[in-house]
Amino acid sequence: MSKHAQKSICKALSLLIIAALIFMSFAACSPSDSKPASTSTLNGISLGDFSIVYADESYGYNERAAQYIQSEIASRTGLNLAVLKDSDATSGTYEIVVGDTSRDISSRLEPVADSVQFNILAEDTQIAMEGEYFVIAAAAYYFVNTYIPENNHNAEIPKEVTTHEPIVESPDNYILMIGDGMGPNQTLLFEAMTNNREFGHGEDTFFGYYLPYSGFHRTGSLTGVTDSAAGGTALACGIKTINYYVGQDKDHNPVQSITELAGSLGMATAVMSTEANTGATPAAFSAHADDRELSSDIIPSQAQLKQTYGTIIECGYDYYNTNGVKNICKKVTNTLNTLSEDSDGFFMMYEEAHTDKHSHTNDIAKAYDAMIRFNRVIAVVMEYAFYHPNTLVIITADHETGGLTEQDGSFVYTSEEHTGVDVPVFAYGVGGELFHGKTIENVQIPMTLASFMGVNDFGDQTTFKPLAE
């Protein structure tokens with residue numbers, strides 16, 4: 001064979017090989033073969049035959065739950081189920097029903113009121129779940145991770161109403177929420193403000209009572225009745241100090257805050273408040289100063305925290321405009337999403353400052369409005385916690401303001417100052433049970449959070465210790 005013929009044959013073979021490789025590449029990228037075929041079933045029905053129908057409501061909990069279920073099913077099985085609003089969807093053959101819809105199955109399924117529990121029910125062609133407000137997120141997470149944990153999974157869902165608890169895991173994320181001036185009676189304003197008012201979302205029940213664990217803590221400082229600086233420092237640094245001191249002990253020595261501790265452990269951190277960033281509580285979690293009024297010391301201290309640990313400090317929200325509360329909730333959601341990007345977990349403090357301010361002036365209506373705003377943010381945080389079960393949430397106060405007291409069936413203020421009343425602690429997540437049914441010292445809250453982070457010598461432990469089983 002001539003060299004020319006040999007070259008021609010080699011060239012032809014090379015072209016065939018290249019063509020075969022190109023064909024194989026296209027075949028590998030073919031949509032029909034990009035995801036494995038799913039054989040997953042729910043009660044013997046192919047998962048791919050279902051659509052997802054969610055109940056209409058103003059704050060989007062059901063819609064987000066439905067979208068979460070759709071996204072997780074797509075990720076785990078390759079199936080892309082349709083998501084439809086109840087009012088827009090004709091009754092389908094097979095449906096996963098989220099929330100209180102017009103479907104018949106919803107009439108046989110009630111949410112568990114004032115609780116993080118939720119209900120699930122299956123019938124011949126429908127599967128439904130219901131939970132109060134943000135609790136539907138816990139139902140969605142439970143449904144997917146219990147009944148569709150992986151592809152090609154065959155699940156049997158009981159055909160009678162079953163009540164479930166949210167899935168929880170050991171915490172990597174810690175969220176401390178502080179209602180400034182929020183004593184036990186401020187949390188009862190939701191029940192008291194019933195003057196023929198048509199309640200909207202988050203206006204008739206304080207969401208802290210949904211959490212499974214509750215107790216109280218003592219608020220006194222080394223001065224006596226605490227101010228927000230000493231109260232904030234106790235909750236941030238695990239020490240009792242003198243009123244007006246920020247992030248310092250009684251001898252003016254700077255003390256490590258839980259924010260700084262978390263940052264030193266590689267965790268993401270954030271300090272958020274409806275007060276200005278130089279306000280006593282946010283300053284206690286982000287700065288060290290001889291006096292709460294010394295903005296000239298607080299601001300550089302906060303700048304150093306940002307530079308060292310990248311701490312997000314977002315404070316002083318404008319809530320007086322029409323969309324103020326929605327804007328606050330959106331900022332909290334965005335911050336949580338940013339913090340979630342850190343694989344080492346995070347610590348976040350959020351404060352509602354104006355319950356205190358309006359209690360100082362004995363303006364009960366405005367104090368109630370501040371509590372409503374706090375309630376809405378609690379809902380945002382709890383929804384996040386249900387979708388991220390490695391999250392521990394603590395809701396408490398730095399002190400009570402105004403001596404709010406029930407008299408003749410109504411709540412009235414008896415003071416314009418702070419009082420020494422024990423304030424409530426509400427908890428959700430693994431470790432939250434340590435706070436249940438107890439009256440503790442305020443310093444034990446950050447001490448206990450630090451112990452969960454693996455640090456057992458945080459704060460001044462000469463008198464008090466972290467909570468333990």
Side-chain angles (χ1 to χ4, degrees), residues 64 67-68 71-72 75 134 137-138 140-141 144-145 166-178 232 235-238 247 256-273 277 281-288 301-315 317 328-351 377-395 427-432 445-459 466:
R64 288 190 292 275
Q67 290 170 343
Y68 172 81
S71 175
E72 288 298 308
S75 174
F134 46 86
Y141 189 90
V144 169
N145 287 278
I167 294 173
V168 292
E169 300 172 359
S170 297
D172 297 306
N173 309 322
Y174 304 86
I175 302 174
L176 176 60
M177 306 188 73
I178 298 173
L235 292 171
C237 303
Q256 185 184 45
S257 69
I258 192 75
T259 314
E260 292 169 314
L261 174 65
S264 72
L265 297 173
M267 301 167 67
T269 53
V271 174
M272 308 184 78
S273 174
N277 64 302
T281 304
F285 282 84
S286 59
H288 307 278
S301 187
Q302 290 174 330
Q304 183 62 49
L305 184 71
K306 289 181 181 179
Q307 181 178 357
T308 304
Y309 299 119
T311 302
I312 298 168
I313 301 178
E314 284 202 4
C315 302
Y317 300 133
I328 291 172
C329 291
K330 184 176 181 180
K331 287 185 178 182
V332 172
T333 297
N334 290 341
T335 298
L336 288 169
N337 289 337
T338 299
L339 295 172
S340 296
E341 295 173 1
D342 194 315
S343 60
D344 295 315
F346 66 80
F347 169 79
M348 184 180 90
M349 189 284 292
Y350 177 89
E351 180 206 25
V377 178
I378 290 171
V380 170
V381 167
M382 288 307 301
E383 185 181 29
Y384 175 89
F386 291 139
Y387 286 126
H388 301 82
N390 60 337
T391 302
L392 175 65
V393 180
I394 305 291
I395 303 170
Y428 169 81
V430 174
I445 294 176
M447 285 181 175
T448 303
L449 295 183
S451 71
F452 294 157
M453 297 176 188
V455 178
N456 295 310
D457 59 353
F458 180 81

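Computed over heavy atoms, backbone and side chain alike; hydrogens, waters and symmetry mates excluded. The residues of the chain are indexed from 1 along the displayed sequence.
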Could you check whether any side-chain N or O of Thr338 sits under 3.5 Å from a backbone N or O of Asn334, counting only pairs where one atom can act as donor and the other as acceptor?
yes
Is there side-chain contact between Asp344 and Asp172, with heavy atoms separated by less than 4.5 Å?
no
Gap separating the OG1 atom of Thr391 from the CE atom of Met382, nearest 0.5 angstrom
9.5 Å
From His288 NE2 over to Gln302 CD, what is the distance, rounded to the nearest 0.5 angstrom?
10.5 Å
Distance in Å, Leu176 CG paired with Leu392 CG, rounded so as to fall on 0.5 Å steps:
9.5 Å
Quick one: does any side-chain atom of Ser264 pair with a main-chain N or O of Leu261 as donor and acceptor, under 3.5 Å?
yes
Interatomic distance, Met267 atom CE to Ile258 atom CD1 [nearest 0.5 angstrom]
8.0 Å
Here the pair of heavy atoms bringing Phe285 nearest to Leu305 is O-CD2, 4.3 Å
side-chain contact (heavy atoms from CB on, under 4.5 Å) for Ile175 and Leu336? Distances and angles first, verdict last.
CA-CA 10 Å; Ile175 302 174; Leu336 288 169; 3.9 Å; yes
Going through the checks in order, is the side-chain contact (heavy atoms from CB on, under 4.5 Å) test met by Tyr384 and Val393?
CA-CA 10 Å; Tyr384 175 89; Val393 180; over 6 Å; no
Using the side-chain contact (heavy atoms from CB on, under 4.5 Å) rule, take Thr259 and Phe347 through it: C-alpha gap first, then chi angles, then the decisive distance, then the call.
CA-CA 7 Å; Thr259 314; Phe347 169 79; 3.7 Å; yes
Heavy atoms of Val271 and Ser286 approach each other most closely as CG2-CB, 4.3 Å
Considering all heavy atoms, the nearest Gln256-Glu260 contact
CA-OE1, 3.4 Å
Quick one: CD1 on Ile178 to CE on Met349, what's the gap to the nearest 0.5 Å?
5.0 Å
Donor-acceptor under 3.5 Å (Glu383 side chain, Val380 main chain)
no
Do any N or O atoms from the side chain of Ser71 and from the backbone of Gln67 form a donor-acceptor pair under 3.5 angstrom?
no
Search all heavy atoms of Ser257 against all heavy atoms of Ala284 and return the closest pair with its distance.
CB-O, 4.2 Å
Looking at side-chain heavy atoms only, is the closest gap between Leu339 and Asn173 below 4.5 Å?
no
Relative to each other, are the rings of Tyr428 and Phe386 parallel, tilted or perpendicular (30° and 60° limits)?
perpendicular
Nearest heavy atoms of Gly266 and Asp342, plus distance in Å:
O-OD2, 3.3 Å
Rounded to the nearest 0.5 Å, what separation is found between the OG atom of Ser451 and the CZ atom of Phe458?
11.0 Å
According to the salt bridge (Lys or Arg N to Asp or Glu O under 4.0 Å) rule, which pairs have a member within residues 306-315, sequence neighbours left out?
none
What heavy-atom pair brings Glu351 and Ser273 nearest, and what distance separates the two atoms?
OE1-OG, 2.5 Å
Side chain Thr269, main chain Gly263, donor-acceptor under 3.5 Å:
no
